[in-house]
Engineer: 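Quick one: structure below, then a few questions.
Residue numbers start from 1 in every chain, and the chains themselves are labelled A, B, ... in the order their sequence lines are given, proteins ahead of strands.
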Amino acid sequence: MELAVDQPFDLAASLESGQAHRWRREGEWFTGVIQGSFVKIRQASFSAQGSARDVVEFRSEPWPEAALLPRLQAYFRLDDDLNAVYQEICQDLRVAEMVGRYPGLRLLRQEPWECLIAYICSANNNIPRIHQMVEKLAESFGSPITLDGLVRHTFPTPQRLAQVSEGELRQLGLGFRARYIAPAAQAVADGSLDLAALAHAPYEEAKAPLMECPGIGPKIADCVLVFSLEKLEAFPIDVWVRRALGEWYFPGQKTPPDRVLLEWARQHFGRYAGYSQQYLFHGRRLER
DNA sequence: TTCTGCCCTTGGCA
DNA sequence: ATGCCAAGGGCAG
């Protein structure tokens, strides 16, 4: 089935920019799991009557493609007017340069629960290994789904992960992050952390309850907020972004502490700061 | 109160 | 090969 796109859209850049952790590239196809469905998707360009046309096609199981279509539109945030976003964030010339380099890189609207656990796993870690940890959690505690003879697994429920011991998670290679999983899972499972409600709360009011979980500080909270809870003003500051901000905006000075940097960035980049951050992060990371 | 330095797991990467 | 580093957070001092 086909996904109609009338927006700037670069599938590969969006899926490989380090936001989401369950996508694998198989040639021109990407495979992943969204909302409990195994999805296979590609972006191909065909030239018809001299004008190039981009086609995004996908398959899914067990959800029929027609049912998955609106979920994919939401996942890729096709409801964001990216050109309007560009008009705002390109007021900053560094961001404008990255937008010019990676047009169509989109923020993804991920599932909050999975996003929460994935970013707990991201602490002091590198992207390939985060992918590996999330995949191992799915393989170990999720349910299998088959598509075209390939098997992937759903991401486990909060109830399931709340039962898993720290030792088991350490054996999966989670390291010191293993002890943070069960408390977060328990909070979500018993309703004391209501992720769906946080999507409707203002930024600060959504951030505080996230940070009450052990293992979640300001950076990870901002990741969960921008990648799954509709807070496009959130601005996660990791080592790459900290270096970039220090070098570009505070040259010759000691880089301010993260708390100060965050306030500066939210003021400087505005309501779409999260998009600015993603472009800065992606551009900076690919420079190496 | 705020800042600094250190520790934590493990594998990717040069 | 062997050390540095990674979409950080918690803690002591």
Side-chain angles (χ1 to χ4, degrees), chain A residues 13-24 95 98 102 105-110 112 114-137 140 164-184 187 207-229 231-247 250 253-263 265-266 269 273-288:
Chain A
S14 303
L15 296 183
E16 293 182 329
S17 60
Q19 308 172 58
H21 305 281
R22 300 220 55 200
W23 293 99
R24 292 181 186 167
V95 172
M98 297 306 171
Y102 310 104
L105 167 59
R106 306 186 75 91
L107 286 177
L108 303 173
R109 183 183 280 115
Q110 302 181 51
E114 177 177 332
C115 192
L116 181 77
I117 296 300
Y119 279 89
I120 286 177
C121 291
S122 77
N124 190 231
N125 206 349
N126 54 61
I127 289 174
R129 196 154 76 105
I130 300 166
H131 292 353
Q132 180 180 305
M133 288 176 182
V134 176
E135 199 61 29
K136 282 194 172 182
L137 288 175
S140 304
V164 180
S165 71
E166 178 183 340
E168 256 178 298
L169 295 171
R170 281 183 178 269
Q171 285 184 346
L172 291 184
L174 266 69
F176 65 87
R177 308 156 195 87
R179 69 197 197 93
Y180 301 140
I181 302 297
K207 189 170 185 175
L210 290 176
M211 290 178 59
E212 287 174 17
C213 296
I216 300 185
K219 192 274 175 181
I220 290 177
D222 273 333
C223 286
V224 177
L225 290 170
V226 72
F227 297 138
S228 73
L229 294 175
K231 306 300 181 279
L232 298 189
E233 69 269 44
F235 191 91
I237 299 177
D238 75 305
V239 289
W240 298 99
V241 171
R242 186 180 307 120
R243 271 178 216 150
L245 293 182
E247 181 181 320
F250 302 89
Q253 327 169 27
K254 190 167 69 172
T255 304
D258 287 356
R259 187 181 53 77
V260 177
L261 267 187
L262 177 56
E263 287 318 302
R266 292 192 58 213
F269 294 109
Y275 265 106
S276 307
Q277 186 273 358
Q278 195 58 25
Y279 278 91
L280 292 177
F281 174 80
H282 188 63
R284 189 73 182 191
R285 189 165 76 94
L286 292 190
E287 273 181 21
R288 313 287 148 186

Engineer: Considering only the P atoms, how many Å lie between B/dG11 and C/dG9, rounded to the nearest integer?
Structural biologist: 22 Å
Engineer: Whole angstroms only, please: what is the CE-C1' distance between A/Met133 and C/dA7?
Structural biologist: 13 Å
Engineer: Requiring both pairing distances under 3.5 angstrom, list the stems that contain DNA chain C and are made of three or more consecutive Watson-Crick or G-U pairs.
Structural biologist: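 Only these stems qualify: B:3-8 with C:8-13, B:10-14 with C:2-6.
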Engineer: Does the pair A/Val95 and A/Tyr275 meet the rule for a side-chain contact (heavy atoms from CB on, under 4.5 Å), with working shown?
Structural biologist: CA-CA 9 Å; A/Val95 172; A/Tyr275 265 106; over 6 Å; no
Engineer: Identify the heavy atoms of A/Ala182 and A/Val164 that sit nearest to each other, and give their distance.
Structural biologist: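 Scanning both residues, the minimum pair turns out to be CB-O, 4.2 Å.
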Engineer: Measure across A/Ile117 and A/Ile181 and return the closest heavy-atom pair with its distance rounded to 0.1 Å.
Structural biologist: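 Looks like CG2-CD1, 4.0 Å.
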Engineer: Quote, to the nearest angstrom, the C1' distance that separates C/dA7 from B/dT4.
Structural biologist: 23 Å
Engineer: What does A/Gly215 touch in the nucleic acid at a heavy-atom separation under 4.0 angstrom: a base, only the sugar-phosphate, or nothing?
Structural biologist: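 Sugar-phosphate contact only.
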Engineer: What heavy-atom pair brings A/Met211 and A/Ala221 nearest, and what distance separates the two atoms?
Structural biologist: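 In this case the closest contact between A/Met211 and A/Ala221 is CG-CB, 3.8 Å.
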Engineer: Return the value, rounded to whole Å, for the distance between atom CG of A/Asn126 and atom P of B/dC8.
Structural biologist: 19 Å
Engineer: Where is the tightest heavy-atom contact between A/Ile237 and A/Lys219, given as atom of each residue plus distance?
Structural biologist: O-CG, 3.2 Å
Engineer: Looking for any heavy atom pair under 4.0 Å, which part of the strands does A/Phe235 touch: base, sugar-phosphate only, or nothing?
Structural biologist: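 It contacts nothing in the nucleic acid.
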Engineer: B/dT2 P sits how many Å from A/Asp258 CG, rounded?
Structural biologist: 15 Å
Engineer: Can you tell me whether the side chain of A/Arg129 and the base of B/dT9 have a donor-acceptor pair closer than 3.5 Å?
Structural biologist: yes
Engineer: Please report the closest heavy-atom contact between A/Leu225 and A/Ala234, naming both atoms and the distance.
Structural biologist: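 So the minimum-distance heavy-atom pair works out to CB-CB, 4.0 Å.
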Engineer: Taking only the P atom of each, what is the distance from C/dT2 to B/dC8 in whole angstrom?
Structural biologist: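 It comes out at 22 Å once rounded to the nearest Å.
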Engineer: Is A/Leu210 close to A/Leu229 at the side-chain level, that is, under 4.5 Å between some pair of heavy atoms?
Structural biologist: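 Of all side-chain heavy-atom pairs linking A/Leu210 with A/Leu229, at least one is under 4.5 Å.
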Engineer: Side-chain N or O of A/Arg177 less than 4.0 angstrom from OP1 or OP2 on B/dT9?
Structural biologist: no
Engineer: What heavy-atom pair brings A/Ala123 and A/Phe176 nearest, and what distance separates the two atoms?
Structural biologist: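 Between these two residues, the closest heavy atoms are O-CZ, 3.8 Å.
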Engineer: Got a second to check how far A/Ser276's OG is from A/Leu232's CG, nearest 0.5 Å?
Structural biologist: 10.5 Å
Engineer: For the pair made of CG in A/Leu262 and C1' in C/dA7, what is the distance, rounded to whole Å?
Structural biologist: 15 Å
Engineer: Please classify the nucleic acid contact of A/Gln132 as base, sugar-phosphate, or nothing, using heavy-atom distances under 4.0 Å.
Structural biologist: sugar-phosphate
Engineer: Rounded to the nearest angstrom, tell me the gap between atom CG in A/Leu116 and atom P in C/dG8.
Structural biologist: 16 Å
Engineer: Starting at atom OH of A/Tyr119, determine the distance to atom C1' of C/dA6, rounded to an integer number of angstrom.
Structural biologist: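 From A/Tyr119 OH to C/dA6 C1': 14 Å.
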Engineer: With the criterion set at under 5.5 Å between ring centres and under 30 degrees between planes, would C/dA7 be stacked on A/Phe281?
Structural biologist: yes
Engineer: Both A/Gln277 and A/Tyr180 contact DNA chain C. Which one's nearest nucleotide lies toward the 5' end?
Structural biologist: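 Per heavy-atom nearest nucleotide, the more 5' residue is A/Gln277.
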Engineer: Using a cut-off of under 3.5 Å, enumerate the N/O to N/O pairs linking the protein to nucleotides 3-5 of chain B.
Structural biologist:
none

Engineer: Between B/dC8 atom P and A/Arg170 atom CZ, what is the distance in whole Å?
Structural biologist: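 From A/Arg170 CZ to B/dC8 P: 10 Å.
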Engineer: Got a sec, which residues hit ring pair (Phe, Tyr, Trp, His ring centres under 6.0 Å) with A/Tyr102, two or more places apart in sequence or on another chain?
Structural biologist: A/His282
Engineer: For A/Gln171, which contact category applies under a 4.0 Å heavy-atom criterion: base, sugar-phosphate, or nothing?
Structural biologist: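 Answer is nothing: A/Gln171 stays at 4.0 Å or more from every strand.
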Engineer: What is the separation between atom CZ on A/Phe176 and atom P on B/dT9, rounded to the nearest whole Å?
Structural biologist: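 Rounded to the whole Å, the gap is 8 Å.
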